[in-house]
2 protein chains.
Amino acid sequence: MKIDGIDKKIIRSLTKDARTPILSIAREIGVSGAAIHQRLRKLEKAKLIDSYQMIINHEVLGYSTTVFIGVYLDNDVLLSSVVKRLKEMPEVLECHYTTGNFAIFIKVICKNNNDLVNVLETKIKKIKGVFKIETMVSLNQSIDRQYLI
Amino acid sequence: MKIDGIDKKIIRSLTKDARTPILSIAREIGVSGAAIHQRLRKLEKAKLIDSYQMIINHEVLGYSTTVFIGVYLDNDVLLSSVVKRLKEMPEVLECHYTTGNFAIFIKVICKNNNDLVNVLETKIKKIKGVFKIETMVSLNQSIDRQYLI
DNA sequence: CCTGAAACTCCGTGATT
DNA sequence: AATCACGGAGTTTCAGG
């Protein structure tokens with residue numbers, strides 16, 4: 001997969017604002033719209049482009065608490081059964097199988113601390129196979145971005 | 001901020017694919033394109049929409065390792081100076097100030113384990129004020145999504 | 001908060017170099 | 001891999017209910 005300067009400009013532009021018209025990118029770079037169009041198809045075909053997404057600001061909806069949770073599992077539980085439960089919880093945004101002490105590591109958003117307690121005690125701890133959790137609350141997020149090509 | 005069923009449909013559609021034409025959403029719901037357009041402006045004005053982004057598949061570029069790193073800082077170091085250094089590293093995707101043992105908690109992507117060692121030893125540990133780190137490698141990510149309205 | 005229509009802009013494709 | 005050209009489609013705005 002070769003990515004030249006023009007590809008980078010396309011990617012940077014659409015990473016910043018996915019609705020930027022192809023034609024305006026084309027004008028900026030100084031090539032035709034069709035050329036940009038072709039390159040985008042090429043990038044999509046190469047699977048370099050995962051998706052185009054509207055990013056929601058959850059804070060406006062009242063979800064102002066981000067929490068990372070390390071989860072310890074019983075030895076005899078099936079990992080996939082726990083993941084399945086977690087997938088049913090919309091507040092679980094990420095789930096990783098990790099090295100280290102935890103079996104899995106998840107990222108969750110909540111409305112506030114009360115909501116957090118509720119999620120931890122009545123949802124996560126109630127999942128069959130979960131025997132201990134360690135929570136780490138993000139008080140402030142100072143970096144949030146994609147890898148810049 | 002009130003969000004009704006039509007708003008939800010718009011958001012769900014554009015969260016999945018930000019390039020979905022307004023008109024096709026309009027047809028699906030059974031209202032005019034202008035109505036959807038107006039609602040989108042309303043949602044943007046309310047800051048509910050953070051951005052529209054092309055999401056890059058970093059794995060195709062060779063970045064196949066995701067790592068979470070807990071960072072301990074010297075007591076006398078300025079947090080902002082460390083964050084500033086981290087911002088200069090494109091491989092640092094998130095940085096959180098958290099409760100718990102760590103001062104800050106970061107998410108990083110690397111090409112492979114060698115690259116990881118390089119990032120840890122020659123970059124992060126070399127930042128003034130960082131005195132200890134704990135790394136947790138994600139071997140597999142089974143959930144990755146936005147909060148579904 | 002909706003609609004329809006007009007004016008404008010863009011998209012996707014095919015032919016060509 | 002780029003260009004031009006074109007017909008179909010989408011966007012934006014505005015008057016009006």
Nearest whole angstrom, please: distance from the [atom2] of [N] to the [atom1] of [X].
X	N	atom1	atom2	answer
A:Glu28	C:dC10	CD	C1'	17 Å
B:Ile10	C:dC1	CD1	P	11 Å
A:Arg27	D:dC4	CZ	C1'	16 Å
A:Ile29	D:dT3	CD1	C1'	15 Å
A:Lys42	C:dG12	NZ	C1'	18 Å
B:Leu43	C:dC1	CG	P	11 Å
A:Gln38	D:dT3	CD	P	9 Å

Select one nucleotide: of [options], the one nearest the side-chain heavy atoms of [X].
X	options	answer
A:Pro21	C:dC2, C:dC11, D:dT12	C:dC11
B:Leu23	D:dG10, D:dA1, D:dA2	D:dG10
B:Ala34	D:dT3, C:dC11, C:dT3	C:dT3

Salt bridge present between B:Glu94 and A:Lys107 (N-O < 4.0 angstrom):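 Yes, charged N to carboxylate O under 4.0 Å.
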OP1 or OP2 of [N] sitting under 4.0 Å from any side-chain N/O of [X]?
X	N	answer
B:Arg39	C:dC2	yes
A:His37	C:dG12	yes
A:Arg41	C:dG12	yes

Ring-face cation of A:Lys132 near A:Tyr72 (centre distance under 6.0 Å, axis angle within 45°):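 Output yes; distance and angle both within limits.
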Sugar-phosphate, base or nothing in reach of A:Arg19, heavy atoms under 4.0 Å: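 If one applies the 4.0 Å heavy-atom cut-off, A:Arg19 turns out to touch nothing in the nucleic acid.
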Sugar-phosphate only, base, or nothing, as touched by B:Ile22 at under 4.0 Å among non-hydrogen atoms: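 Sugar-phosphate, backbone atoms only, no base.
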Test item: A:Asp17 side-chain N/O and A:Arg19 main-chain N/O as donor-acceptor pair under 3.5 Å: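 Yes: the side chain of A:Asp17 pairs with the backbone of A:Arg19.
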Distance flag, aromatic centroids of A:Phe102 and A:His96, threshold under 6.0 Å: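 No, ring centres 6.0 Å or more apart.
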Aromatic ring pairing A:Tyr147/B:Tyr63, orientation class (parallel under 30°, perpendicular over 60°, tilted between):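 Rings of A:Tyr147 and B:Tyr63: tilted, 30 to 60°.
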